[in-house]
Amino acid sequence: MSSGGGSVLSARGDRIARGAPGLLDAGFALYVADPFDRDLNPQGILNLGTSENKLCFDLIEERLTRPDMNYLEPKLFQYSDTQGTRSFREEIAKFLTDYARSASQLNPEHVTVMNGCCAVFSTLSTVLCDPGDGYLIPAPYYGGINSKTWLYGGIQPVHVPLFSEMTDEESHPFQLTVEKLEAALQRAKAQGIRVRALILINPHNPLGDIYSAQLLKECLEFAHRYDLHVIMDEIYMLSVYDDTIFTSVLSLDCLPDPERTHFMWGFSKDFGMSGIRAGVLYTRNHEIQKAVNQLAVFHSCPGPVQHVLSQFLRDRDWLDKVFFPTHKKRLKEAQNILVDGLADVGIPVLKSSGGLYVWADFRKFLRSQTFEAELELWQKLLDKKLLISPGKAFYCYEPGWFRLVFSDSVDKIYLCIQRLEQMLHSYTTEPVTSTTSSTADALCNPEKNSSGKPPSPLEKDSSGKPSNTPEEDVSQLKNILVY
């Protein structure tokens with residue numbers, strides 16, 4: 001309140017200011033205040049919760065020392081096209097045509113460059129939806145999307161709940177089907193929510209799953225039937241570390257509704273440049289791009305950065321013979337080390353093929369099958385200076401799942417396993433307490449409903465509740481194979 005009695009903020013400003021940080025943001029803030037450093041702070045927080053790719057900095061560093069990177073001219077320091085410099089958009093179009101195996105040559109006029117995919121989500125959702133509208137999104141999912149779509153546009157997620165228990169018709173846990181999309185859409189309609197879009201993350205975050213070409217086509221056909229926009233987040237497109245075939249939406253030769261299909265990608269994950277802040281939107285819809293470009297002036301990528309990134313994309317010999325083969329090899333090696341280490345302490349993980357993380361099952365370590373117990377376990381891990389991400393941060397409908405990032409040095413992965421083992425050993429011998437620890441509860445406790453589920457716009461719906469299976473005896477834990 002101001003001294004005159006009126007609010008210093010607009011209603012919109014007040015709504016934004018009152019927004020609570022998500023669990024991922026809160027966990028990262030704790031890490032920033034006490035970061036692990038092998039020499040300077042060896043007892044600091046070890047961060048395997050933030051999805052950053054630290055495996056190939058040596059390759060990036062070496063490439064940055066070459067003469068073509070050391071280039072400055074006046075136009076790079078002057079105002080440029082807010083859509084992105086023409087030369088950079090041309091390189092992006094060529095790169096995505098080849099590496100996304102596009103069905104046809106991509107048009108640089110359909111490319112918009114912004115300072116990260118967060119900006120792409122914010123602007124695109126704002127121009128596609130009105131306040132109060134909803135977007136379908138399979139849950140669990142990267143929880144940061146909520147704030148990106150809500151802060152500007154006031155848009156709400158409509159969850160499509162996925163579960164680890166498979167039905168007779170399903171082939172793997174947390175499987176997405178068109179039937180689940182249909183059910184979620186109809187529940188939203190019954191509650192008066194206008195659904196405008198479907199967001200798909202491929203490869204998936206946090207599951208590490210890769211959608212088959214057939215499932216992609218079915219989802220696109222579903223969206224077309226209901227005139228929904230499809231936002232394809234393919235930020236991990238080139239971080240596939242096994243022989244699974246990745247199908248980009250750009251590679252499909254006949255889209256059901258190309259004017260409502262929008263692709264996004266960036267340099268944060270596949271190139272390990274999360275601090276560079278460069279995201280890409282590709283849309284064929286002229287009116288949508290026109291609206292997005294009006295907002296892009298607030299989210300532009302600096303000219304020198306666009307030049308440097310153009311040089312990376314242009315050097316196909318280095319990409320094909322050095323960077324991407326090494327990147328894939330190191331991803332697989334790091335993933336194997338983490339999965340094997342987790343197995344040694346009795347923690348199974350979901351089988352995955354892409355991304356920088358594994359989706360691990362800690363359910364047998366929970367004091368009860370509730371999200372309060374999950375946050376208590378998360379806090380205990382933080383007390384032992386280990387940050388991983390709880391399933392609640394991804395709006396998972398089953399308590400006890402955690403995401404662990406493996407795209408870091410081998411010694412940090414081994415240290416993670418060591419701290420994890422020590423914590424779980426002491427935790428399972430502690431007497432059960434009835435309260436959730438302070439940091440997790442005070443910083444990061446979104447509204448809860450009576451079942452302990454993450455909040456959902458489909459709150460009143462009685463289906464899709466997490467199963468409350470009896471707690472397993474942790475004293476009987478054995479090494480468990482990957483699902």
Side-chain angles (χ1 to χ4, degrees), residues 24 50-53 60 80-97 99-100 102 106-128 135 137 141-153 197 199-205 229-239 248-250 261-285 288-313 355-356:
L24 295 179
T50 304
S51 184
E52 289 188 294
N53 188 347
I60 298 292
S80 64
D81 189 341
T82 56
Q83 188 176 343
T85 64
R86 174 72 190 189
S87 60
F88 188 33
R89 288 186 286 113
E90 287 175 347
E91 288 303 327
I92 289 171
K94 293 174 187 175
F95 175 82
L96 292 176
T97 295
Y99 289 88
S102 176
L106 298 182
N107 186 346
E109 291 304 316
H110 297 160
V111 174
T112 297
V113 179
M114 297 189 207
N115 58 348
C117 284
C118 294
V120 176
F121 262 124
S122 295
T123 56
L124 187 58
S125 60
T126 298
V127 304
L128 293 182
Y135 56 88
I137 187 163
Y141 62 95
Y142 167 57
I145 291 176
N146 280 22
S147 63
K148 312 305 182 288
T149 56
W150 178 80
L151 285 173
Y152 274 11
I199 295 179
L200 296 176
I201 308 170
N202 187 32
H204 194 272
N205 180 9
H229 291 273
V230 178
I231 301 174
M232 288 299 312
D233 176 2
E234 298 188 13
I235 189 72
Y236 296 97
M237 175 181 74
L238 299 173
S239 295
S248 170
V249 72
L250 297 177
T261 305
H262 319 290
F263 164 92
M264 54 190 293
W265 175 81
F267 290 80
S268 295
K269 313 302 181 181
D270 293 337
F271 279 91
M273 298 182 184
S274 52
I276 286 289
R277 311 311 303 139
V280 174
L281 169 66
Y282 190 87
T283 179
R284 296 177 175 88
N285 190 305
I288 289 173
Q289 187 175 47
K290 182 180 178 181
V292 165
N293 288 347
Q294 292 278 52
L295 295 172
V297 68
F298 306 117
H299 303 283
S300 58
C301 183
V305 170
Q306 295 187 53
H307 167 75
V308 167
L309 295 178
S310 295
Q311 301 310 109
F312 279 113
L313 299 185
L356 311 176

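Nothing fancy with the numbering, it's 1 onward along the sequence. Predicted model, so just to flag it, every value in this text is computed and none were measured.
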- line: For Asp270 and Ser239 the tightest heavy-atom approach is OD1-OG, 2.6 Å
query: Taking the side chain as C-beta and beyond, is there a heavy-atom pair between Leu356 and Glu52 under 4.5 Å?
result: no
- request: Measure up the Phe271 and Trp265 rings against each other and bin them: parallel (under 30°), tilted (30 to 60°), perpendicular (over 60°).
  value: perpendicular
message: Under the rule for salt bridge (Lys or Arg N to Asp or Glu O under 4.0 Å), what residues qualify as partners of Glu90, not counting sequence neighbours?
response: Arg86
- request: Let me see the working for His299 and Tyr152 under ring-ring contact (aromatic ring centres under 6.0 Å, His included), right down to the final yes or no.
  value: CA-CA 13 Å; His299 303 283; Tyr152 274 11; 5.8 Å; yes
task: Taking all heavy atoms of Gly266 and all of Cys117, pick out the closest pair and write down the distance.
output: N-SG, 3.9 Å
Leu24 versus Gly143, closest heavy-atom pair with distance: CD1-N, 4.4 Å
message: Hydrogens and angles aside, do Ser310 and Glu91 bring a side-chain donor and acceptor to less than 3.5 Å of each other?
response: no
task: State whether a side-chain donor-acceptor pair under 3.5 Å links Asn293 with Thr112.
output: yes
field: Thr123 side chain near Met114 side chain, heavy-atom distance below 4.5 Å
entry: yes
- prompt: Under 4.5 Å between any side-chain heavy atoms of Cys118 and Arg277, yes or no?
  reply: yes
task: Answer whether the closest heavy-atom distance between the side chains of Asp233 and Leu200 falls below 4.5 Å.
output: no
- request: Mind checking the CD1-OH spacing from Ile199 to Tyr142? Nearest 0.5 Å is all I need.
  value: 12.0 Å
Closest approach of Pro203 to Gly355 (non-hydrogen atoms, all atoms of both residues): CB-N, 4.3 Å
message: Would Ser300 and Asn115 count as a side-chain hydrogen bond (donor to acceptor under 3.5 Å, both in side chains) here? Give the steps.
response: CA-CA 6 Å; Ser300 58; Asn115 58 348; over 6 Å; no
- prompt: Any side-chain heavy atom of Phe263 within less than 4.5 Å of one from Val230?
  reply: no
- request: For side-chain hydrogen bond (donor to acceptor under 3.5 Å, both in side chains), just list the numbers for Ser248 and Glu234, CA-CA rounded to whole Å, side-chain angles, deciding distance to a tenth of an Å, and then say yes or no.
  value: CA-CA 7 Å; Ser248 170; Glu234 298 188 13; 2.8 Å; yes
task: Go through the structure and list residues passing side-chain contact (heavy atoms from CB on, under 4.5 Å) with His110, not counting sequence neighbours.
output: Asn107, Tyr282, Arg284
- prompt: Is any side-chain heavy atom of Thr126 closer than 4.5 Å to a side-chain heavy atom of Val292?
  reply: no
- prompt: Once you round to the nearest 0.5 Å, how far does CD1 of Ile137 lie from CD1 of Ile145?
  reply: 4.0 Å
Ser122 side chain to Lys148 backbone, donor-acceptor under 3.5 Å: yes
message: Nearest 0.5 angstrom please: Met237 CE to Tyr99 OH, how far?
response: 10.0 Å
query: Is the backbone N or O of Gly84 less than 3.5 Å from a side-chain atom of Gln306, with the two atoms forming a donor-acceptor pair by type?
result: no
task: To the nearest 0.5 Å, tell me how far Leu250 CG sits from Thr97 OG1.
output: 8.0 Å
- request: Measure the CG-NZ distance between Leu313 and Lys94 for me, rounded to the nearest 0.5 Å.
  value: 10.5 Å
field: Steps toward side-chain hydrogen bond (donor to acceptor under 3.5 Å, both in side chains) verdict (Tyr135, Thr149)
entry: CA-CA 9 Å; Tyr135 56 88; Thr149 56; 3.0 Å; yes
- request: Could you tell me whether the side chain of Gln83 and the main chain of Val111 form a donor-acceptor pair under 3.5 Å?
  value: yes
Full working for side chain to side chain contact (heavy atoms under 4.5 Å, CB included) between Asp81 and Arg89: CA-CA 11 Å; Asp81 189 341; Arg89 288 186 286 113; 3.4 Å; yes
- request: Answer yes if the side chains of Asn53 and Tyr236 hold a donor-acceptor pair under 3.5 Å, and no otherwise.
  value: no
query: With side chains defined as the heavy atoms from C-beta onward, is the minimum distance between Phe88 and Val280 less than 4.5 Å?
result: no
Separation between CE of Met273 and CD1 of Ile60, rounded to the nearest 0.5 Å: 3.5 Å
- request: For the residue pair His262 and Met232, establish whether any side-chain heavy-atom pair is separated by less than 4.5 Å.
  value: no
- prompt: Is a side-chain donor or acceptor of Lys269 paired with a backbone partner of Ser51 at a separation under 3.5 angstrom?
  reply: yes
message: Test your reading of the model: is there a side-chain donor-acceptor pair from Asn202 to the backbone of His204, 3.5 Å cut-off?
response: no
- prompt: Should Gln289 and Thr283 be marked as a side-chain hydrogen bond (donor to acceptor under 3.5 Å, both in side chains) after you check the CA-CA gap, both sets of side-chain angles, and the distance that decides it?
  reply: CA-CA 7 Å; Gln289 187 175 47; Thr283 179; over 6 Å; no
